[in-house]
Amino acid sequence: MSTHAWELLSNRAVATAAVVYFLALLSHLVEWSALVGRRRTAVEAPALVNAGDVAGGPAEPVSADASGNVAAADESREERVAMFGRLGYLLTCIAAAAHLTAVISRGMAAHRVPWGNMYEFTVAGTCIVAVAYVLLYARLKLAWMAPVVVAFVLVILMVGVLVLYTPVEPLTEALNSYWLVIHVISAALATGAFTLGGIASGIYLLKRRHPDATSGWMSRVPSLVSLDRVAYRIHAFGFVLWTFAVLITGPIWAHQAWGSYWNWDPKEVWAFITWVVYAGYLHARATAGWRGRNAAILAMVGLATLWFNFIGINYFSTTSQHSYASLPAVSSVLTPEGQNPTLTGNALGHNLRV
Amino acid sequence: MSDLKESAASRAARAERERQHPSPIRELTLRELARWSWRQLTSMRTALLLLLLLALAAVPGSLIPQENIDSVKTTNWQAAHTTLTPVYRRLGLFDVYGTPWFAAIYILLMISLVGCIVPRLAVYWRGLRAQPPAAPRNLGRMPDSASYTTSESAEEVTARARQVLRRKRYRIRREPAADGAISAERGYLREAGNLLFHVSVIVVLVGFAVGSLFGYKGGVNVLVGDQYGFSNELTQYDDFAPGSLFRPSMLNSFDLHIHDFHVDWLQSGPRQGMAKGFKSDLQYQTSTDGATKSYRLEVNHPLDIGGTEVFLIGHGYAPIITVRDAKGNITYSGPQIFLPENQSFLSFGAVKPPTGNVALEGLFYPSALSLSDGSVTNITGDIGDKSAAVLSFQVWTGDVAKANEGQSVYTLNTAGLKQVTAAGGKAFNLHMGQTAKLPDGLGSVTFDDVTRWNKLQISQTPFKHVALGGVTLALIGLLGSLFIRPRRVWVRARETDGGTLVEVAVLDRSGNDEVGVVVSGLVAQLQGRVEEELS
Ligand code: HEM
């Protein structure tokens, strides 16, 4: 297949993935709305609801006939919830497969790793979130996360397509380093993990307000203790990858490409800040008075720094004039102020790193 | 580490007691104050706050231009913000990562770290040889426990339990309990990993500090050609950023020149005409043996000369220009480095002959295209056979030397100088080989040829391998700290009237694990239902 054909395939696959994610989201919303509906039933006939997680109140006198109807309606409702939940997961699997196809064919089109610019990184990063979710779904019992994850992936993917899209471009010299490949893979994996972990921590914070919710979506969310634990596990995994990406492969590559392994350029600074905040999160979970809510808040702060670094620094930082979105060629980064070597380094950096 | 947490808890309890029953007689001696401060400093909470403070303190350096990272940008910013600049300067906000307040945070963190690690090392060392603790009286009360009855004898069950646990690499308590209960523990390496991680953080910091204090980073533009070159002396650098303990005597002595240079241009695609890759054939000599060696210098492939590294980080064109005065005497002749303005290598530069009263400033177009309105645009950086190269310049006259004292060689300071223009007030445009006669009998300018130059970055970063080794060890430690699951297991079998009652309990010591499945797996194995490990 030609470059053009691969690129076309990639674009179609992204579109397909987006449509299927949307359907998956709809399915989960239907599932969710059925859960909300359950409240009324539960109030009307509390004693008759046999769903295990609904606290039974004192039975109210209900005529046998009516109660039979309610029970039947409730059963079918439960069935509908389960069915739409399964359908949503299935659709998410299909969408994630299309999404993965998009990432791979983008790489085939460009003859390189498919994360050379912000569009590609967005597509690849959301792909990782989706694939990680699909794979961990059963193991970590993530069903309760479904609507949030799918909505998140869909929105970010749409932003990528609508705002950041760039046609396939060939690689420049400094990108031809396998250290960079490893660096970006691990950074993207870590970003995916932190995002999933952040979703878990965010839901933890929401759940804290209604710890005893017996109806609606919150009732399906696991207990605070297990939410906290799931969040920790995902964050721990992300932290290891982030350490590897930011403190090992990043500096090795930076050293090769610009002659200095740590330059304190804004991208690096924020990667470091993210690292320190997550180290703080891990500590918080072991510090009395900080575990639980404060740890979850720290996790959210960490996620904010992570995404700020990815999106914000390219647009807002006063010291990075070379935005990722408008890739400067590596070879011509010398400007009239080019007497400063790190200026060149920065230009390279924003071009190459994410 | 839970021992440590316990001791922290008991410390907290003591502090609480002291708060509730302050002893009025005892005054706070200096020694107690010191001990109290040390306890505060090495507490987990302080470590956490210092970490967050470090993150916060790193922020301004990413938003405000930093002097030693991008001096030009900093100067421009300072010129644009005259009221803020003195305040920021006082706070050190133009060099955040070198300020005392930033240093104070990480030094406190390091002290806290050492104060935290040393006692933990001792605790760990003792704990390493300790036996798993005896079984609690009532295993059924543990949060993760199970029991079943069997017709096997207690001895049979206990023997199987020992076997199963040993296979899972549990350490089993040697002294048998009176009631025959088994105590087992595993996951000792978790704390080792944690300690390794924290020790390695210190190693990294030391490596990083030595590198930044004793290292340097310099840049120089070197013309391509055997007759040009660079020798590693302070005066030869265009820019030089030394660490604060760097001494010029630390420079390695070597000479190098660029024998040849190749650029690979993109021939198609949206970025057509831009450089894809570049390589230099470098030749260098060191004073130690004097032999000339060759090296193919490429992006991502630096040259290492005895710890000093040379990187190729940029390149450009240097038009060869001859300036003559009214009498035809040459006042300047040679290549002048022009700095690229954009991706197509439209370049900017100046020529300032040391004698005479004429100076030039202008643009170099590697592949110029004249538009119908008379203006010129550049198509690509690929100069090809040089036939489309154009030098476009403006001429200034006056006391050039005085106006440009201490100025960059790449730009012309035109203050106090007078501009002379070509016919029609335009710039002078020359193709290669052409000469422009300057008005007012000021002489002539010839664009003879064009050569290339490379931007080399030369740096020395001592202890970089220490830093790298440190982070690698830190990562290994982290893996152990986060993924090894420390657990205690107890099995007690008692013969009762209804058969042998077997109780199993598992305690997760990390606080992050779900051990329910471990309990059920263990029970299944004890009952002989499964051979393989379940969890
Ligand atoms: C440069 C500063 C530091 C960094 C980057 C750092 C990082 C970490 C990380 C990532 C963990 C996670 C391990 C886990 O969750 O199991 C951890 C655990 C821990 N850290 Fe630190 N730390 C630092 C300083 C300190 C200091 C100063 C102390 C002493 C007060 C300390 C005491 C601990 C303890 C006791 C644990 C174990 C927590 C547990 O697993 O229960 N750390 N540290």
Side-chain angles (χ1 to χ4, degrees), chain A residues 167 169-170 172-174 176-177 229 232-233 236 239-240 243-244 247-248 252 255-266 269-270 272-273 276-277 279-280 283-284 286-290 313 317-319 328-346 348, chain B residues 44-45 47-48 51-52 54-55 58-59 61-66 69-73 77 97 208 217 219 238-239 266 269-271 274-278 299-300 302 309 311 313-316 339-343 345 348 381 408 410-411 455 457 459 461 464 471-472 475 478-479 482 512 514:
Chain A
E169 287 166 349
T172 30
E173 188 92 331
N176 279 336
S177 158
R229 190 147 49 204
Y232 169 78
R233 288 224 198 145
F239 187 74
V240 169
T243 305
F244 181 65
L247 299 184
I248 296 186
I252 289 179
H255 177 258
Q256 274 187 359
W258 334 326
S260 155
Y261 62 79
W262 193 265
N263 298 287
W264 292 112
D265 99 335
V269 171
W270 279 90
F272 174 72
I273 290 171
V276 172
V277 172
H283 271 201
T287 307
W290 276 79
I313 281 293
S317 168
T318 55
T319 49
V330 168
S331 50
S332 63
V333 289
L334 280 176
T335 58
E337 312 126 358
Q339 292 95 305
N340 184 331
T342 41
L343 180 72
T344 346
N346 285 348
L348 275 165
Chain B
M44 195 72 178
R45 182 180 302 264
L48 178 53
L51 274 174
L52 297 182
L54 182 68
V59 173
S62 74
L63 305 176
I64 301 166
Q66 298 293 291
I69 292 169
D70 191 340
S71 57
V72 178
K73 190 123 207 155
W77 193 95
Y97 310 108
F208 183 75
K217 183 158 80 171
D238 291 345
D239 56 87
L266 288 174
R271 296 164 78 192
M274 292 170 204
K276 176 167 181 277
F278 38 97
V299 173
N300 286 335
E309 288 171 300
F311 299 81
I313 60 170
H315 66 105
L339 301 173
E341 294 257 271
N342 61 21
Q343 297 168 355
F345 281 79
F348 179 89
S408 158
Y410 303 109
T411 55
K455 167 111 190 169
Q457 180 171 298
S459 64
T461 320
K464 60 173 185 265
V471 272
T472 310
L475 189 70
L478 198 58
L479 287 174
L482 293 175
N512 300 313
E514 274 172 295

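Letters go in sequence order (proteins before strands), and every chain restarts at 1.
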Legend entry - Under 4.5 Å from any heavy atom of chain B - which part of A:W264: both
Legend entry - Aromatic plane relationship, B:H315 with B:F278 - under 30° parallel, 30 to 60° tilted, over 60° perpendicular: tilted
Inset, instruction - Below 4.5 Å from any heavy atom of chain B, which atoms of A:Y261 appear? Answer side chain, backbone, both or neither. - result: side chain
Inset, instruction - Specify which of B:V471, B:T472, B:L479 makes the most heavy-atom pairs with chain A at under 4.5 Å. - result: B:V471
Legend entry - Side chain proximity check, B:K217 to A:N263, heavy atoms < 4.5 angstrom: yes
Inset, instruction - State the CG-CH2 distance between B:L63 and A:W270, to the nearest 0.5 angstrom. - result: 6.0 Å
Legend entry - A:T243 side chain near A:I248 side chain, heavy-atom distance below 4.5 Å: no
